[in-house]
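One structure is given below, encoded as structure tokens.
The sequence lines fix the lettering, A, B, ..., with proteins before strands; numbering per chain opens at 1.
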Number of protein chains: 2
Amino acid sequence: MSLHQKFRMTRQRQVILDELKKVHTHPTADQVYAMTRGRLPRISLGTVYRNLEILSASGLIQKLELGRAQKRFDGNAENHYHIRCVSCGCVDDVMCSILTSIEQDLCKTSEYEILGHRLEFLGVCPRCKDKRTGTRKKMKKGGSYGIKGVTD
Amino acid sequence: MSLHQKFRMTRQRQVILDELKKVHTHPTADQVYAMTRGRLPRISLGTVYRNLEILSASGLIQKLELGRAQKRFDGNAENHYHIRCVSCGCVDDVMCSILTSIEQDLCKTSEYEILGHRLEFLGVCPRCKDKRTGTRKKMKKGGSYGIKGVTD
DNA sequence: TTCTATGCAAAGCATTTGCAAGTCC
DNA sequence: GGACTTGCAAATGCTTTGCATAGAA
């Protein structure tokens with residue numbers, strides 16, 4: 001939480017970072033907990049929460065607060081948008097450029113000091129589209145993609 | 001929650017809707033609870049939650065899920081963006097047009113069926129800017145505004 | 001009259017925190 | 001050695017839910 005104190009790379013912290021970098025999914029805290037227990041059978045959920053907080057505050061990972069759903073964490077610390085499946089809750093990266101101008105535009109007209117923006121897309125993931133067999137509108141067939149394919 | 005059943009306009013529901021339309025702030029459930037107790041001293045928080053849910057599901061009001069903070073509710077049901085003060089947590093409307101093209105662009109490249117997007121700005125509200133007396137960077141002095149002025 | 005809504009209290013869930021013991025630099 | 005961390009468990013805070021009673025159509 002602090003980052004006003006130096007932070008140590010403990011084994012727990014390293015493993016959490018490792019596991020997070022290893023996957024392209026966007027795991028929740030309890031998923032990270034599960035992912036680390038193989039290597040650290042005695043780690044506690046509280047430690048996972050604390051470390052995810054510290055790692056994201058230090059910029060090594062990214063904390064995603066999409067909607068009011070459970071927080072998720074992204075081993076990719078670079079600024080990018082996400083899309084969330086309203087059906088299964090999975091989260092994928094969106095390959096589109098960051099909107100820089102909207103903040104500048106708002107600066108001109110707003111009394112606020114603008115610090116940033118948060119953009120998130122909602123949709124139905126390919127897997128869930130397939131599940132609802134036939135019975136729905138607007139079924140894309142095309143093959144191109146702009147979303148990194150991995151999931152929940 | 002349902003809306004598959006007809007819903008009745010009870011006194012509680014009406015008062016909640018009323019009070020919400022009356023203000024331009026974006027109250028949390030417990031603030032709505034406080035706002036209604038003047039007219040309905042015996043209303044319960046649970047009822048407030050249930051009705052806010054029903055009213056927003058029916059489109060009469062809007063439910064705001066900004067970050068993972070407490071939900072807020074907006075008597076203005078029209079689609080518009082919001083800005084949240086990182087210092088005091090207040091929420092204001094942002095007067096800028098809705099981005100329609102980003103979803104269409106994403107449609108072309110994404111395997112997802114795009115259903116919508118959620119955009120939220122972060123900043124420091126005028127009131128909080130004033131509080132930190134002088135001791136900070138980037139103090140706007142200008143008078144124009146693009147944000148409906150009312151607050152938390 | 002019938003089905004929905006209310007009040008109350010208890011439960012739920014994700015997350016945070018206090019504390020004594022352990023560990024890193 | 002001293003500050004930062006951990007594991008454990010309890011606490012927190014917002015929101016939801018079960019249930020018996022009340023109320024709208």
Of all the choices, [options], which nucleotide is nearest to the side chain of [X] once you look at every atom?
| X | options | value |
| --- | --- | --- |
| B:Q12 | D:dT16, C:dT16, C:dT6 | C:dT6 |
| A:R13 | C:dT6, C:dG7, D:dT6 | D:dT6 |
| B:K71 | D:dT15, D:dT6, C:dA14 | D:dT15 |

Hey, mind stepping through A:I83 and B:I114 against side-chain contact (heavy atoms from CB on, under 4.5 Å) and telling me if it holds?
CA-CA 9 Å; A:I83 184 164; B:I114 312 297; 3.7 Å; yes
How does protein contact run along nucleotides 19-25 of chain D, one letter per nucleotide 5' to 3', with B for base contact, S for sugar-phosphate only, - for none, heavy atoms under 4.0 Å?
----BBS
Could you state the atom-to-atom distance from [atom1] of [X] to [atom2] of [N] in whole Å?
| X | N | atom1 | atom2 | value |
| --- | --- | --- | --- | --- |
| B:I16 | C:dT6 | CD1 | C1' | 11 Å |
| B:N51 | D:dT15 | CG | C1' | 15 Å |
| B:R68 | D:dC14 | CZ | P | 12 Å |
| A:L45 | D:dT5 | CG | P | 19 Å |
| B:Y33 | D:dC14 | OH | C1' | 14 Å |
| B:Q31 | D:dG13 | CD | C1' | 15 Å |
| A:Q14 | C:dC25 | CD | P | 11 Å |
| A:F73 | C:dA14 | CZ | C1' | 11 Å |

Between the two ends of the helix from C:dT1-D:dA25 to C:dC25-D:dG1, what is the bend in degrees, rounded to 10 degrees, where each end axis spans five pairs?
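The value is 40°.
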If you look at every strand shown and take non-hydrogen atoms under 4.0 Å, does B:D30 touch a base, only sugar-phosphate, or nothing?
nothing
Can you tell me if [X] touches the phosphate of [N], counting only side-chain N or O atoms and a distance under 4.0 Å to OP1 or OP2?
| X | N | value |
| --- | --- | --- |
| B:K6 | C:dA5 | no |
| A:Y49 | C:dT15 | yes |
| B:T47 | C:dG7 | yes |

Find out whether A:I43 and A:V15 are in side-chain contact, i.e. whether some heavy atom of one side chain is under 4.5 Å from a heavy atom of the other.
no
Report the relative orientation of the aromatic rings in B:F121 and B:Y81; use parallel for angles under 30°, tilted for 30 to 60°, perpendicular for over 60°.
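Geometry flag for B:Y81 against B:F121: perpendicular rings.
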Mark yes or no for whether B:S110, through its side chain, and B:C107, through its backbone, hold a donor-acceptor pair below 3.5 Å.
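No, because the side chain of B:S110 does not come within donor-acceptor range (under 3.5 Å) of the backbone of B:C107.
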Would the distance check show the side chain of A:K71 and the main-chain N or O of B:R68 forming a donor-acceptor pair, the cut-off being under 3.5 Å?
no
Is A:L17 reachable from A:F7 through a run of hydrophobic residues whose side-chain heavy atoms are each under 4.5 Å from the next?
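They do share one cluster, since a chain of ILVMFWY contacts under 4.5 Å joins A:F7 to A:L17.
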When the nearest nucleotide of DNA chain D is assigned to B:Q70 and to B:G46 on a heavy-atom basis, which residue is associated with the more 5' position?
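Result: B:Q70.
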Exactly one of A:E113, A:R118, A:E103 should register a side chain to side chain contact (heavy atoms under 4.5 Å, CB included) with B:L122. Which one does?
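For B:L122, the side chain to side chain contact (heavy atoms under 4.5 Å, CB included) test succeeds with only one of A:E113, A:R118, A:E103, which is A:R118.
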Heavy atoms only: give me the nearest B:Q12-B:N51 pair and the separation to one decimal.
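Looking at all heavy atoms of both residues, the closest pair is CB-ND2, 4.0 Å.
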Please name the pair of heavy atoms, one in B:A29 and one in B:L45, separated by the smallest distance, quoted to 0.1 Å.
O-CD2, 4.3 Å
Taking salt bridge (charged side-chain N to carboxylate O under 4.0 Å, His left out) as the definition, give me every residue that meets it alongside B:K63, ordered by chain and number, with sequence neighbours left out.
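By the salt bridge (charged side-chain N to carboxylate O under 4.0 Å, His left out) rule, B:K63 matches B:E53, B:E65.
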